[in-house]
Amino acid sequence: MQCLICDQEIIVEHNWTNFLWPALPKNLCADCEDKFSYIDSLRCDICARDGISGVCQDCKAWQVNKHTLAKNEAVFRYNAHIQACIARWKYRGDYELGHIFKDAWCNHFQKTYAKQLKDYIIVPIPLSKEREKERGFNQAEMLAQFLSPHIHLILERSHSEKQSKKSKRARLSSKNPFHLRKTIKKPVILVDDIYTTGITLRHAAHILIEHGTPVVYSYTLIR
């Protein structure tokens with residue numbers, strides 16, 4: 001099998017362990033896998049910012065302003081390697097590349113939310129119809145489906161300028177682009193690929209809570 005990132009052949013060493021209990025086929029070579037950087041256990045209690053003990057200053061500010069997101073969990077730090085992977089997957093339409101994240105993504109979820117929460121529903125952050133047509137798929141929906149076949153597409157999004165093109169100030173002052181298709185009375189876990197300022201997730205959380213959702217968490221691939 002070849003690595004989905006660099007096309008290098010993946011060499012599997014055969015021994016009695018994997019002869020008797022064959023491992024699932026890998027889609028990443030060791031070199032590419034080693035370039036991903038996992039967030040350490042020392043992280044902000046709310047947003048998962050790396051290297052923070054307790055609550056970071058940004059989250060303290062959100063709390064003062066009636067912040068609506070109970071907690072964000074994330075798997076990877078943002079670095080040059082994952083930036084290149086995201087650009088190829090998300091912006092250049094390489095759908096299959098998303099599978100390189102599946103194992104780490106699902107394993108971290110099982111250790112955190114799946115262990116801590118009960119009776120939650122999973123809601124991917126939507127793209128606008130125009131943006132989804134442009135890209136060919138919604139990366140947040142793909143990540144959500146890795147976690148469960150039963151996801152809830154209850155949010156709609158108005159079309160606007162890409163978040164990646166906006167400054168931090170412009171993101172934080174942006175209008176809420178989300179609309180709700182139906183109300184949810186259970187805890188919600190929002191799923192998205194990247195947490196940057198957190199405004200997108202907080203906009204989505206705000207409209208859910210405004211319509212009766214008791215608590216909203218989020219789960220992102222990258223912080």
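Bear in mind the structure is a predicted one, so any value in this text is a computation, not a measurement.
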Quick one: are [X] and [Y] in side-chain contact, heavy atoms under 4.5 Å?
{"X": "Ile194", "Y": "Leu221", "result": "no"}
{"X": "Leu190", "Y": "Leu155", "result": "yes"}
{"X": "Phe101", "Y": "Ile82", "result": "yes"}
{"X": "Arg77", "Y": "Asp40", "result": "yes"}
{"X": "Leu201", "Y": "Tyr195", "result": "yes"}
{"X": "Arg181", "Y": "Leu153", "result": "yes"}
{"X": "Leu69", "Y": "Tyr217", "result": "no"}
{"X": "Leu147", "Y": "Trp105", "result": "yes"}

State the [atom1]-[atom2] distance between [X] and [Y], to the nearest 0.5 angstrom.
{"X": "Cys47", "Y": "Arg202", "atom1": "SG", "atom2": "CZ", "value": "7.0 Å"}
{"X": "Tyr95", "Y": "Arg135", "atom1": "OH", "atom2": "CZ", "value": "15.0 Å"}
{"X": "Thr196", "Y": "Ile199", "atom1": "OG1", "atom2": "CD1", "value": "11.5 Å"}

Salt bridge check: are [X] and [Y] linked by an N-O gap of less than 4.0 Å?
{"X": "Asp193", "Y": "Lys90", "value": "yes"}
{"X": "Glu132", "Y": "Lys129", "value": "no"}
{"X": "Glu33", "Y": "Lys35", "value": "no"}
{"X": "Glu73", "Y": "Arg43", "value": "yes"}
{"X": "Asp45", "Y": "Lys71", "value": "no"}
{"X": "Asp119", "Y": "Lys186", "value": "yes"}

Tyr120 ring center within less than 6.0 Å of Tyr113 ring center: no

His206-Phe178 aromatic ring centre distance below 6.0 Å: no

Where the side chain of [X] meets the backbone of [Y], is there a donor-acceptor pair that is under 3.5 Å apart?
{"X": "Asn176", "Y": "His203", "result": "yes"}
{"X": "Asn27", "Y": "Leu97", "result": "no"}
{"X": "Arg88", "Y": "Ile5", "result": "yes"}
{"X": "Thr213", "Y": "Leu208", "result": "yes"}
{"X": "Ser148", "Y": "Ile151", "result": "no"}

Verdict with supporting geometry, Glu9 and Met1, side chain to side chain contact (heavy atoms under 4.5 Å, CB included): CA-CA 6 Å; Glu9 186 178 356; Met1 189 169 179; over 6 Å; no

Chi angles and distances behind the side chain to side chain contact (heavy atoms under 4.5 Å, CB included) call for Arg223, Val75: CA-CA 7 Å; Arg223 175 64 175 94; Val75 184; over 6 Å; no

Smallest separation among heavy atoms of Cys29 and Cys6, with atom names: SG-SG, 3.7 Å

Ala104 to Phe76 - nearest heavy-atom pair and separation: CB-CZ, 3.8 Å

Derivation and outcome, side chain to side chain contact (heavy atoms under 4.5 Å, CB included), residues Phe36 and Ile100: CA-CA 11 Å; Phe36 289 116; Ile100 66 175; 3.8 Å; yes

Side chain to side chain contact (heavy atoms under 4.5 Å, CB included) evaluation trace for Leu42 with Ile52: CA-CA 6 Å; Leu42 185 63; Ile52 299 291; over 6 Å; no

